[in-house]
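Have a look at the structure below, then the notes.
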Amino acid sequence: MSESKANSILDTLETAFPDARLLLDFRNPFELLVATVLAAQAPDERVNQITPHLFQRFPDALSMAEAPLEAIEEAIKTVSYFRQKARFLKEMSKVLVERFEGKVPASLEELVTLPGVGRKTANVVLANAFSIPALPVDTHVARVAQRLGLAKSNDAEKIEMELCAQIPQERWIRASHLLGFLGRRVCKARKPLCEQCPVTRWCDFFEKNR
DNA sequence: ATCCCGAGGG
DNA sequence: CCCTCTGGAT
């Protein structure tokens, strides 16, 4: 698998979708971390709907760590798994206060020790709050990578490694935005809109199904 | 029924 | 790796 193929795909996507970006547009690490935890298996639009009030009420790890669980549940009750997530957020905030001086750590190893934070969420925070090279692989990025022949594995972590091996480090963050955007808007799981896709000339999936 | 930018436990 | 968690929209 050549690096030039991945670069060509990214160049084409950048031209086609210059505005592709993370839908959860928070630079504050704590806010991005919380929003990303909430966004697991829930539409980003619904998360963006509640975050203004949520961060007014709980602006930092300390206020969330000290809040009653019921108060957090009430503030996020419109998102999926809100009880489980409220528990994660409170426990996560307590760990931030007790072990990280109330600040979000800027390393993968530390981030994944936080309750409710897995590899994908950790990479989102690293890339978008700290501008540290990382390539978060969600279901969309994974699917697109497989269809384009950029990854052969089914495991998200292995797909991340396969992508990182083919994409220059300085493009990892942008690659996650572009591949994610393509996956959400065009290269859908169910009914992919191949006629709208700018990168079909590199796509195994398109070749096979035409 | 299936999807939504998953994580944790078995 | 597979299952569950759990809720609303399409």
Side-chain angles (χ1 to χ4, degrees), chain A residues 10 13 17 19-27 29 31-51 54 69-70 72-96 104-105 108-130 134-148 150-164 167 172-193:
Chain A
L10 292 177
L13 290 175
F17 308 125
D19 297 326
R21 58 178 176 80
L22 198 70
L23 267 57
L24 304 170
D25 200 13
F26 301 96
R27 297 302 167 90
E31 292 186 355
L32 181 60
L33 177 59
V34 171
T36 306
V37 168
L38 291 177
Q41 296 299 102
D44 290 349
E45 292 78 5
R46 203 174 308 165
V47 175
N48 284 328
Q49 212 168 345
I50 66 165
T51 44
L54 180 67
L69 187 59
E70 297 75 26
I72 304 176
E73 288 183 353
E74 177 64 24
I76 67 170
K77 65 182 178 186
T78 57
V79 302
S80 313
Y81 308 110
F82 70 97
R83 277 181 245 275
Q84 185 184 59
K85 287 172 181 174
R87 208 162 11 90
F88 281 153
L89 290 182
K90 183 169 171 62
E91 293 309 309
M92 180 189 84
S93 298
K94 285 164 70 176
V95 175
L96 288 175
V104 179
L108 183 66
E109 299 73 37
E110 293 174 308
L111 280 166
V112 294
T113 67
L114 300 171
V117 179
R119 188 180 184 88
K120 182 264 173 180
T121 300
N123 277 328
V124 167
V125 172
L126 288 176
N128 298 284
F130 296 116
L135 210 169
V137 173
D138 59 34
T139 55
H140 297 300
V141 174
R143 180 178 64 254
V144 168
Q146 289 174 327
R147 287 180 176 171
L148 286 171
L150 296 175
K152 294 188 171 66
S153 171
N154 288 311
D155 178 70
E157 183 171 344
K158 291 177 185 168
I159 292 175
E160 179 189 330
M161 300 310 171
E162 294 184 75
L163 286 175
C164 286
I167 298 172
W172 287 356
I173 298 175
R174 194 65 192 139
S176 73
H177 298 162
L178 291 168
L179 296 175
F181 183 92
L182 182 69
R184 282 196 309 278
R185 297 287 156 74
V186 181
C187 191
K188 301 180 182 183
R190 208 42 114 40
K191 297 192 313 186
L193 308 174

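Quick caveat: nothing in here was measured; it's all calculated off a predicted structure. Sequence lines set the chain letters: A, B, ... in the order given, protein chains first and strands last, and positions in each chain run from 1.
Residue A:Arg83 places its side chain closer to C:dG7 than to any other of B:dG6, C:dG7, B:dC5. Nearest to the side chain of A:Tyr81, among B:dC3, C:dG7, B:dA7, sits C:dG7. Minimum atom distance to the side chain of A:Thr139 is reached by B:dG6, of the listed B:dC5, B:dG6, B:dG8. Listed candidates were B:dG6, C:dG7, B:dT2. Nearest to the side chain of A:Lys120 is B:dG6. Nearest to the side chain of A:Phe82, among C:dG7, B:dC5, B:dG6, sits C:dG7. Among the nucleotides B:dC4, B:dG6, C:dG7, the one closest to the side chain of A:Gln84 is B:dG6. Closest contact between the side chain of A:Arg46 and the listed nucleotides C:dC1, B:dG6, C:dA9 involves C:dA9.
With a 4.5 Å cut-off on side-chain heavy atoms, A:Ile50 and A:Leu38 count as touching. With a 4.5 Å cut-off on side-chain heavy atoms, A:Leu33 and A:Leu114 count as touching. Considering only heavy atoms from C-beta on, A:Asn123 stays 4.5 Å or farther from A:Leu135 through its side chain. For the pair A:Val141/A:Pro136, no side-chain contact is recorded, criterion being any heavy-atom separation below 4.5 Å from C-beta on.
Distance CG (A:Leu33) to C1' (B:dC5): 15 Å, rounded to an integer number of Å. Between the P atom of B:dA7 and the CE atom of A:Met92 lies a distance of 12 Å, rounded to the nearest Å.
Put simply, A:Arg184 has no side-chain N or O that comes within less than 4.0 Å of OP1 or OP2 on B:dC4.
Only the P atoms considered, C:dC3 is 15 Å distant from B:dT2, to the nearest whole Å.
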